[in-house]
J.: 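Would you mind keeping the following structure in view while I ask a few things?
This is a predicted model, so every value here is computed, not measured. Labels below follow one simple rule: chain letters A, B, ... track the order of the sequence lines, proteins then strands, and each chain is numbered from 1.
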Amino acid sequence: MTANSEPVRPAAPRASRGARGFAPLAGNSQRAVLAVLVAAGIAGFAAALERGEAARAWQAYLVNLLFFLGVAQGGVVVAAAFYLTQARWAGAAAFRLAEAFSGFLPLGFLLFWGLYFGRTLIFPWVLHPVAQKAAWLNTPFLFARDGIGLLAMTLLSTWLVRVSRSRRARAWATDSSDIAMPPPAIRRLAPALALAFAAVYSLIAFDLVMSLAPVWHSTLFGAYFFAASFLSALAAMALTAVILRGRLGPANAFTMPKVLHDLGKLVFAFSVFWIYLLFAQYIVIWYGDIPVETFFIVQRVYYAPWAPLSYAAVILIFVVPFVVLLGARPKRTPPILGAVAAGVLAGIWLERYVLVVPSLSQHVVPFGWIELLISLGFLGGFVLCVITGLNMAAAAARWELPAEGH
Amino acid sequence: MAAAAPEIAAPTFSDVDRSVLRVMQAPGVLYWVWIAFCFTLVAIGAGFWTRQIYTGMGVTGLRQPVMWAVYITNFVFWVGIAHSGTLISAILFLFRTRWRTAVYRAAETMTLFAVLTAGLFPLIHLGRTWFFYWLLPYPNERYLQPNFRSPLVWDAFAVSTYLTISALFLFMGLVPDVASAREQAHGWRRAFYAILALGWQGTDRQWRHYSMAYLLMAGLATPLVISVHSVVSWDFAMAQLPGWHSTIFAPYFVAGAIFSGVAMVITLLVPMRKLWGLEDLLTPWHFDNLAKVVLLTSLVVTYSYATESFMVWYAGDPVEQMTFHMRYFGPWGWMFWMMVLCNCVIPLLLFSPRIRINLAVLWIISIFVNIGMWTERFVIIAGSQSTNFEPSQWAFYRPSITEIMITAGSFAWFLGLFSLFARFLPIISMTELKEGITWLRQALRKDYAKAA
Amino acid sequence: MSGTVEIIATFAGEEQCVGGIEALRAARAEDFHVFAPIPSEHIEKAIGRRRSPVRAFVLIGGILGVLTGLAITIGTSREWNMVAGGKPIISWPPFIIICFELMILFGGIAAVLSFLLSAQVPAFESLPGYSSRFCGDRFGVAVRCEETEAQKIESILGVAGAEEVRRAQAQPSAAIVDLRDG
């Protein structure tokens, strides 16, 4: 995220409808830095391919793709969830904040197709087909179903975000004194999006993560994966709210203590939900002790080199938020909430890494300049895509404050 | 007491009080006939249970390989019903949901009596019921201790905790309401309510501590709900039996619990509203939202069925595949398809806003859901055991008259206790309804049928 | 305490009651308590007393629950140390479940007990100024003050929108606790 505090420059005209060119995060120097990061990522990827480290390059590519797609898509689903539960406690700002990350979705969809070129190095079953599962685990079918699923998600998300930014929806979001439901288009889109998310991202989890160890299976894995994506989106929202808070002047939605408090509660609650889903898988596999299930866990949790990373992920995603965010005051303290949210994001990135890479690189933890450059490249690309959305969130926080009361 | 309530456009606090307290006046003959019917059935069930204790478990249909069947199905079913009550009263409280206030007391009451009903079944299933205390740790001269590595012991702790916390939560919520009832009651009722109300007067000091305690209880009850039904599901998932050994069981069972429980809330509230003239407090808005919860959890259950079926194929384990083949196409396959119809297909009707507020249709759908969910538990529990690892052991279970009558008795026990509570204690939370009276007035004003 | 009177004002709505409380605090009359039929954040904020200690008790109860769970599970497993199902004698996944359940159980019981203690419920004596309407549809403020101040207090409450204001002789405060306490 951009961290310097340069004076604001007006953004491109399409930046924020109704906010009169308000753009605290769109300075040219920020964009230049991000472009450099992207270039570094691409260069790092190319260099790795050239040096015969193609496997590491593609692993890093996949991990980052899963992570950033999760944040982007999870954000839109958070907005849909807010509509479905009629959550207007932060006015329009919460919706804009959740939707901000959707800017990455088209790029993420394109990058998914990039996996095709690395498929021999990512999916073990391409070069060594698993006879019994060949009807499901084959290149054309996998790319077709996941491609169609991601396309559907991208289209639905773009549609929902566009309707959500309409005047009628924004008026609904700022008036919480009525029990009226959201506008009709949203009433239909939000449930459709939420259902599609569960289905498509379970599929992504089974295809892009579980199939890397074709012998292994866990029925809860899909739900676990998309729940972690949802959590990563909430953490990204909390972190963004803390960052924007300082840059928007005294009276904005993110300075209202109850807004930060509620964001903190959401991060807390879903981090507990995440550990519950993890434990539900762990205890069933541990108790049954069936080798075809246990090897996946054993490799990641019981032995070096992967065990410390697994513990680190659990500590970042669950232990720290649980202990720190239990009380009310830490949730209202921006630096604490921001730090915990950043930790959760780092933890979920690490979790994606620990889910994906051990299947492809059993005894070595590949982490060096390749992974660093590619990850920074993805980060730069992600932020470049979401700047417009973030500016809209900032505008909403500044000018579309929630009404008093519930 | 079947008079319809007068049309109230914008209810005031005293209107709320009056509507709810009217339900608590002396009931008529029909009510006592119903209570007598319920407790007669309970007595019959108790009689069959006594015979079972005296004669032995052989009077049931339990035979190898199916040693857990109707009793355990009932246990899981009733614990599941209980969970939705806590969802509505605790989890939706934390979400600050507006439509919760009129329905949560009934839901919570349902929880308490569902847990009481559920708790009977491990005892019934024990055979030698008097040894139930062996599940708890206590010093003894043979140094025997319960096996904490067994899911059955986790169950004992989870369900007892749930019973205690639900009861405490319910009775804490009752205190201000019963104080209100105390003020307008006479005779023995006044003394009864005065004792239950603990001298409550609504001072700022009392409210301050009450609000904090209530919030924390809700915060504690929320993870409790999820954990209890997860623990119950792990009774099965810890085994290696195909059809039982699946990581998705915990959230799948929790969703199913909420699904059947909210359906049961609807089953209870629709007639209650009609019979006791509560139309001005239980509006179509409330049922619309309850129906949406039913729909959501139905979709989660459908997702779970789909994922499990897919994973059975994907995993490629021949024993598991045979078990599921028998589940879908074996002699009891008709139960599976009935379950899919009731749980997955029929609730899809709730996508229609018009159906959601058509209370008669909604009530019928809720009955189907309850049938479907009971069947689902039975299919999973008894069905998986009947086609286990050893084909020579395969046998298909048939319930005996003992199990059927005890099941009927358990339903009557639940309904009887619920009816007693509802008539003598406030079945709608007056306090919270008054707190959210703005939303109630809006719900009454809006022409909800045209809200689609 | 001769010359002490109790002034009881009845308000028809929450906003008027909050107005009355704020007016009283502005006039430095802090010896009052409020009756309400519903819990109200606004009233609580207007009165501005300390946060309830119930939180601390629940936290302690929860921690005690976890410790008890660990003690029971680990203790009994070591005493009757039979290997069951190939699992280690001290296996943390099942023990976590027991600790969790006991955490909730002890926390919940602590919540209820600390509520009963802090709110001093069951209450066997009626607080001065209590009227049955305060459990129904009216809010009430009962102020204790000197007889000389009574006129001023009554006019403050009247201006704030009290439906009815009446004055009563203050009862001896033998059984009544200090109401200013948290």
J.: Which residue out of C/Pro39, C/Gly140, C/Ser132, C/Pro37 racks up the most heavy-atom pairs below 4.5 Å with chain B?
T.: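 The option with the most such pairs is C/Pro39.
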
J.: Tell me, for C/Ile72 versus chain B, whether the close heavy atoms (under 4.5 Å) come from the side chain, the backbone, both or neither.
T.: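 Both backbone and side chain.
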
J.: Is the backbone of B/Pro426 close enough, under 3.5 Å, to the side chain of B/Asp177 for a donor and an acceptor to pair up by distance?
T.: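 No, the answer is negative, given that no donor and acceptor are paired below the 3.5 Å cut-off.
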
J.: Which residues in residues 14-29 of chain C have a heavy atom less than 4.5 Å from any heavy atom of chain B?
T.: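 Interface residues of residues 14-29 of chain C: none, nothing closer than 4.5 Å to chain B.
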
J.: Please state whether the side chain, the backbone, both or neither of B/Pro223 comes within less than 4.5 Å of a heavy atom of chain C.
T.: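 Interface part for B/Pro223: both.
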
J.: Who pairs with C/Glu154 by side-chain contact (heavy atoms from CB on, under 4.5 Å), at least two apart in sequence or on another chain?
T.: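 Per chain and number, C/Glu154 pairs via side-chain contact (heavy atoms from CB on, under 4.5 Å) with C/Ile7, C/Gln151, C/Val165, C/Arg167.
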
J.: Under 4.5 Å heavy-atom distance to chain B, tell me which part of C/Phe57 shows up: side chain, backbone, both or neither.
T.: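 Contact with chain B is absent: no heavy atom of C/Phe57 under 4.5 Å.
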
J.: Mind checking whether B/Tyr210 and B/Tyr214 have parallel, tilted or perpendicular rings, split at 30° and 60°?
T.: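 Aromatic pair B/Tyr210/B/Tyr214 classed parallel.
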
J.: Can you say whether C/Tyr130 sits under 4.5 Å from chain B via the side chain, the backbone, both, or neither, judging by heavy atoms?
T.: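 C/Tyr130 touches chain B through side-chain heavy atoms alone.
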
J.: Checking C/Asp137 against B/Thr12: is there a side-chain donor and acceptor pair closer than 3.5 Å?
T.: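 C/Asp137 and B/Thr12 do not have a side-chain donor-acceptor pair below 3.5 Å.
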
J.: Please classify the contact between C/Leu116 and chain B as side chain, backbone, both or neither, with a heavy-atom cut-off of under 4.5 Å.
T.: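 C/Leu116 touches chain B through side-chain heavy atoms alone.
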
J.: Counting only non-hydrogen atoms closer than 4.5 Å, does B/Leu220 touch chain C with its backbone (N, CA, C, O), its side chain (CB onward), both, or neither?
T.: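 The answer is both parts of B/Leu220.
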
J.: Quick one: does B/Asn147's side chain get under 4.5 Å of C/Trp80's, heavy atoms only?
T.: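 No; the side chains remain at least 4.5 Å from each other.
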
J.: With a 4.5 Å limit on heavy-atom distance, are the side chains of B/Trp154 and B/Trp234 in contact?
T.: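 A side-chain contact exists here, since the closest heavy-atom pair is under 4.5 Å.
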
J.: Assess, by modelled atom type and distance only, whether the side chains of B/Ser166 and B/Glu108 contain a donor and an acceptor separated by less than 3.5 Å.
T.: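 B/Ser166 vs B/Glu108: no donor-acceptor pair found between side chains.
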
J.: Heavy atoms only, distances under 4.5 angstrom: which of B/Leu215, B/Asp17, B/Leu144, B/Ile195 has the most pairs with chain C? Name it, please.
T.: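 Maximum pair count with chain C is reached by B/Leu144.
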
J.: Give me the ring orientation class for B/Phe131 and B/Trp134: parallel if the planes are under 30° apart, tilted from 30 to 60°, perpendicular past 60°.
T.: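 Parallel: the ring planes of B/Phe131 and B/Trp134 meet at under 30°.
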
J.: So what's closer than 4.5 Å to chain C heavy atoms on B/Thr203: side chain, backbone, both or neither?
T.: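 Answer is both: backbone and side chain atoms of B/Thr203 are under 4.5 Å from chain C.
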
J.: Quick one: does B/Leu152's side chain get under 4.5 Å of B/Asp235's, heavy atoms only?
T.: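 Yes, their side chains come closer than 4.5 Å.
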
J.: Could you check B/Val16, B/Thr101, B/Val103 and say which one makes a side chain to side chain contact (heavy atoms under 4.5 Å, CB included) with B/Leu281?
T.: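 By the side chain to side chain contact (heavy atoms under 4.5 Å, CB included) criterion, B/Leu281 pairs with just one of B/Val16, B/Thr101, B/Val103: B/Val16.
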
J.: Select one option (side chain, backbone, both, neither) describing which atoms of C/Val34 are under 4.5 Å from chain B's heavy atoms.
T.: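 When you check distances to chain B, atoms from both the backbone and side chain of C/Val34 fall under 4.5 Å.
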
J.: Please state whether the side chain, the backbone, both or neither of B/Thr164 comes within less than 4.5 Å of a heavy atom of chain C.
T.: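 Contact with chain C is through the side chain of B/Thr164 alone.
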
J.: Please look at C/Ile98 and chain B and tell me whether the side chain, the backbone, both or neither of the residue comes under 4.5 angstrom of a heavy atom of that chain.
T.: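 Just its side chain gets close to chain B.
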
J.: So do B/Leu425 and B/Phe192 actually touch side chain to side chain, heavy atoms under 4.5 Å?
T.: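 The answer is yes; the side chains approach within 4.5 Å.
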
J.: When heavy-atom pairs shorter than 4.5 Å are enumerated against chain C, which of B/Met238, B/Gln201, B/Met172, B/Gln206 gives the highest number?
T.: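 The answer is B/Gln201.
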
J.: At a heavy-atom separation under 4.5 Å, does B/Leu216 approach chain C through its side chain, its backbone, both, or neither?
T.: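 The answer is the side chain of B/Leu216.
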
J.: If you count heavy atoms of other groups shown closer than 6.0 angstrom to CZ of B/Phe132, is the number above 12?
T.: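 Incorrect, the count does not exceed 12.
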
J.: Among the options B/Ser160, B/Gly219, B/Ala158, pick out the one with the most heavy-atom pairs lying under 4.5 Å from chain C.
T.: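 Ranked by contacts with chain C, first place is B/Ala158.
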
J.: I'd like to know which of B/Phe169, B/Phe157, B/Phe171 tops the heavy-atom pair count under 4.5 Å against chain C.
T.: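 The residue among B/Phe169, B/Phe157, B/Phe171 with the greatest pair count is B/Phe157.
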
J.: Heavy-atom distance under 4.5 Å to chain C: side chain of B/Pro176, backbone, both or neither?
T.: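 Interface part for B/Pro176: neither.
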
J.: Listed by chain and number, what are the side-chain contact (heavy atoms from CB on, under 4.5 Å) partners of B/Ala179, not counting sequence neighbours?
T.: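 For B/Ala179 the side-chain contact (heavy atoms from CB on, under 4.5 Å) partners, ignoring immediate neighbours, are B/Arg182, B/Ala197, B/Trp200, C/Cys135.
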
J.: Could you work out, with salt bridge (charged side-chain N to carboxylate O under 4.0 Å, His left out) as the rule, every residue matching C/Lys45, not counting sequence neighbours?
T.: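 Here no residue qualifies.
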
J.: Select one option (side chain, backbone, both, neither) describing which atoms of C/Pro93 are under 4.5 Å from chain B's heavy atoms.
T.: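 Neither part, no heavy atoms under 4.5 Å.
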
J.: Check each atom of C/Ser91 against the heavy atoms of chain B and say whether the ones under 4.5 Å are side chain, backbone, both or neither.
T.: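 Contact with chain B: side chain only.
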
J.: Within the 4.5 Å heavy-atom criterion, are B/Asp155 and B/Phe75 side-chain neighbours or not?
T.: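 They are in contact (side-chain heavy atoms under 4.5 Å apart), so the answer is yes.
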
